[in-house]
Number of protein chains: 2
Amino acid sequence: MTTTHTPSQDRPQRGNARAKLIAAAHQTVRRKGYAATSVDEICAAAGVTKGAFFHHFASKEALAVAAAEGWTARAAPMFELPPHTKLDDPLDRLLGHIDFRLAMLEGPVEDFTCFVGTMVQEAYATSDAIRAACEASITAYCDALAPDIEAAIARHGIAHGVGAMSLARHVQAVLQGAFIMAKTANDPAIARDSVTHLKRYILMLFGRG
Amino acid sequence: MTTTHTPSQDRPQRGNARAKLIAAAHQTVRRKGYAATSVDEICAAAGVTKGAFFHHFASKEALAVAAAEGWTARAAPMFELPPHTKLDDPLDRLLGHIDFRLAMLEGPVEDFTCFVGTMVQEAYATSDAIRAACEASITAYCDALAPDIEAAIARHGIAHGVGAMSLARHVQAVLQGAFIMAKTANDPAIARDSVTHLKRYILMLFGRG
DNA sequence: CTCGACATACCGACTAGTTGGTATGTTGTC
DNA sequence: GACAACATACCAACTAGTCGGTATGTCGAG
């Protein structure tokens with residue numbers, strides 16, 4: 001039997017250090033923040049050496065930018081896979097998404113909080129590259145949410161002439177705020193409570209309150 | 001003329017280093033985050049030396065805790081001074097407060113964002129002392145907001161049995177989330193938009209939508 | 001009033017350890 | 001054997017915190 005492309009289990013496989021570093025950054029930065037997370041720490045969590053780090057990334061900042069892009073990719077399945085995405089009524093899809101986000105708010109805080117939201121707080125004034133990368137990720141989220149909102153408005157109408165993109169950004173804002181509250185109290189319940197307010201608001205806007 | 005208790009202008013006055021350090025911490029941490037702000041930097045911003053720093057605070061963490069307490073004190077006048085606090089209807093006072101917060105969202109982002117909200121994001125998992133101090137500050141805000149909400153519910157009733165403290169926490173969550181969005185886009189307008197959604201939600205809850 | 005004893009407020013050079021980043025060597029793969 | 005993917009050793013800069021010392025106040029006894 002010849003050697004195959006399939007990586008063997010006993011040897012550390014090559015070529016995935018970059019992905020492991022990004023995953024380690026997601027995990028560690030969500031727990032400790034960006035500045036408090038050292039390059040050495042990320043390397044240790046990823047199980048690679050510092051040489052590998054600076055082979056793939058020119059700087060810590062470059063990793064941060066790549067990790068922000070990676071976060072967008074990681075979040076994408078959230079809009080495609082869950083069953084509620086198959087619902088016929090766009091408003092049901094929107095409400096299904098809110099319920100989905102609500103269901104995520106369980107367990108350790110660092111497992112459901114937002115990587116880019118955490119990072120942008122520290123870097124918005126010191127690194128415009130990181131800030132822009134985080135903005136792109138959050139904008140991608142809102143862009144993914146807006147079509148269903150737009151369609152729901154078209155089908156059901158909405159109170160006070162609220163815009164689709166504006167509401168999408170508000171959803172994101174409430175989620176980010178809920179994360180902070182959960183971190184503050186070290187309790188996800190307080191975050192669920194806020195997202196429940198958000199759901200009620202949406203229901204009322206669409207006349208289902 | 002004998003020397004008085006009034007500090008002369010040419011000599012640096014004694015006894016206010018502590019307050020200056022806390023103010024410098026508020027300013028610097030809101031811009032760069034907690035971990036990225038060095039003790040030397042805070043000292044430079046406050047115009048005092050490192051010796052003075054460690055005379056007043058046992059550690060950087062101790063300053064953080066004191067600064068969180070100082071933040072609460074700094075925010076208190078917000079609930080007492082503005083004209084809307086004199087309104088008769090508690091719902092008008094609540095809405096007046098939201099409008100007041102809305103009006104604050106102007107100019108440079110680091111001038112209206114929340115010190116404790118920024119700090120707790122970085123420290124919730126690494127320093128429980130800081131986390132608890134931030135929680136106390138945010139809880140104090142909610143406690144100050146809740147009585148008017150409670151009274152407004154008593155006078156006007158509220159939809160869906162929403163609780164006063166729950167709504168107060170939601171107000172805080174939306175504000176925190178709005179700050180993150182403003183940092184992300186480097187633009188206060190996006191934050192104002194979210195707080196406008198919040199105001200509309202409150203209006204609808206109280207049947208004024 | 002004043003003088004000494006003491007306490008508080010502050011200074012700035014120093015240290016031990018950590019940081020992001022580099023320079024160079026090794027290993028696997030086409 | 002050439003090139004990408006790592007590993008190891010190292011460095012200059014920066015970090016929080018220390019420490020011996022000084023300036024400025026407080027206060028009670030004489």
Side-chain angles (χ1 to χ4, degrees), chain A residues 1-25 28-29 32-67 119 122-123 126-127 129-130, chain B residues 1-25 28-29 32-67 119 122-123 126-127 129-130:
Chain A
M1 187 180 180
T2 59
T3 52
T4 63
H5 280 274
T6 321
S8 60
Q9 288 165 339
D10 50 341
R11 284 222 153 269
Q13 46 186 353
R14 279 168 78 95
N16 62 343
R18 188 189 149 93
K20 286 203 290 185
L21 282 165
I22 289 178
T28 315
V29 169
K32 311 188 25 172
Y34 173 69
T37 300
S38 71
V39 171
D40 282 321
E41 212 169 347
I42 296 175
C43 291
V48 303
T49 60
K50 218 165 179 180
F53 183 102
F54 284 100
H55 171 71
H56 289 287
F57 304 104
S59 64
K60 188 189 176 186
E61 186 186 31
L63 164 72
V65 171
M119 197 164 63
E122 299 180 57
T126 49
S127 165
I130 294 179
Chain B
M1 186 181 181
T2 59
T3 52
T4 63
H5 279 276
T6 321
S8 59
Q9 287 167 337
D10 49 343
R11 287 223 153 268
Q13 47 186 353
R14 280 169 72 95
N16 61 345
R18 189 188 148 94
K20 286 203 290 184
L21 283 165
I22 288 177
T28 314
V29 169
K32 311 189 25 173
Y34 173 68
T37 300
S38 70
V39 171
D40 281 320
E41 212 169 346
I42 295 174
C43 291
V48 304
T49 60
K50 217 161 179 182
F53 183 102
F54 284 99
H55 170 73
H56 289 287
F57 305 103
S59 63
K60 189 188 174 186
E61 185 185 31
L63 164 71
V65 170
M119 198 163 64
E122 299 181 56
T126 48
S127 164
I130 295 180

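Side chains included, hydrogens not; waters and symmetry mates left out as well; all remaining heavy atoms used.
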Length of the [atom1]-[atom2] vector between [X] and [N], whole Å:
| X | N | atom1 | atom2 | value |
| --- | --- | --- | --- | --- |
| B:Glu61 | D:dT15 | CD | C1' | 16 Å |
| A:Arg18 | D:dC6 | CZ | P | 12 Å |
| A:Phe53 | D:dA9 | CZ | P | 20 Å |
| A:Glu41 | C:dG20 | CD | C1' | 14 Å |
| B:Asp40 | C:dT15 | CG | P | 16 Å |
| A:Leu21 | D:dA7 | CG | C1' | 13 Å |
| B:Phe54 | D:dT15 | CZ | C1' | 10 Å |
| A:Tyr34 | C:dG20 | OH | C1' | 10 Å |

So, is A:His56 near the phosphate of D:dC6, with a side-chain N or O under 4.0 Å from OP1 or OP2? yes
So, does A:His55 get its side chain near the phosphate of D:dC6, meaning an N or O under 4.0 Å from OP1 or OP2? no
Of the non-hydrogen atoms in [X] and [Y], which two are nearest, and what is the gap between them?
| X | Y | answer |
| --- | --- | --- |
| A:Cys43 | A:Thr49 | SG-O, 3.8 Å |
| A:Ala66 | A:Phe57 | CB-CE2, 3.7 Å |
| A:Thr37 | A:Lys60 | O-NZ, 2.9 Å |

Consider the side chain of [X], meaning its heavy atoms from C-beta on, and name the nucleotide among [options] that approaches it most closely.
| X | options | result |
| --- | --- | --- |
| A:Lys60 | D:dA5, C:dG21, D:dA16 | C:dG21 |
| A:Ser38 | C:dT19, D:dA7, C:dG12 | C:dT19 |
| A:Lys50 | D:dT18, C:dG20, C:dC10 | C:dG20 |
| B:Val39 | C:dG20, D:dT8, D:dA16 | D:dA16 |
| B:Ala17 | D:dG17, C:dC10, D:dT15 | C:dC10 |

Counting N and O atoms only, with roles assigned by atom type, does the side chain of A:Glu122 sit under 3.5 Å from a partner on the main chain of A:Ala35, one being a donor and the other an acceptor? yes
Result of checking A:Val48, A:Leu63, A:Ile22 against A:Ile42 for side chain to side chain contact (heavy atoms under 4.5 Å, CB included): A:Leu63
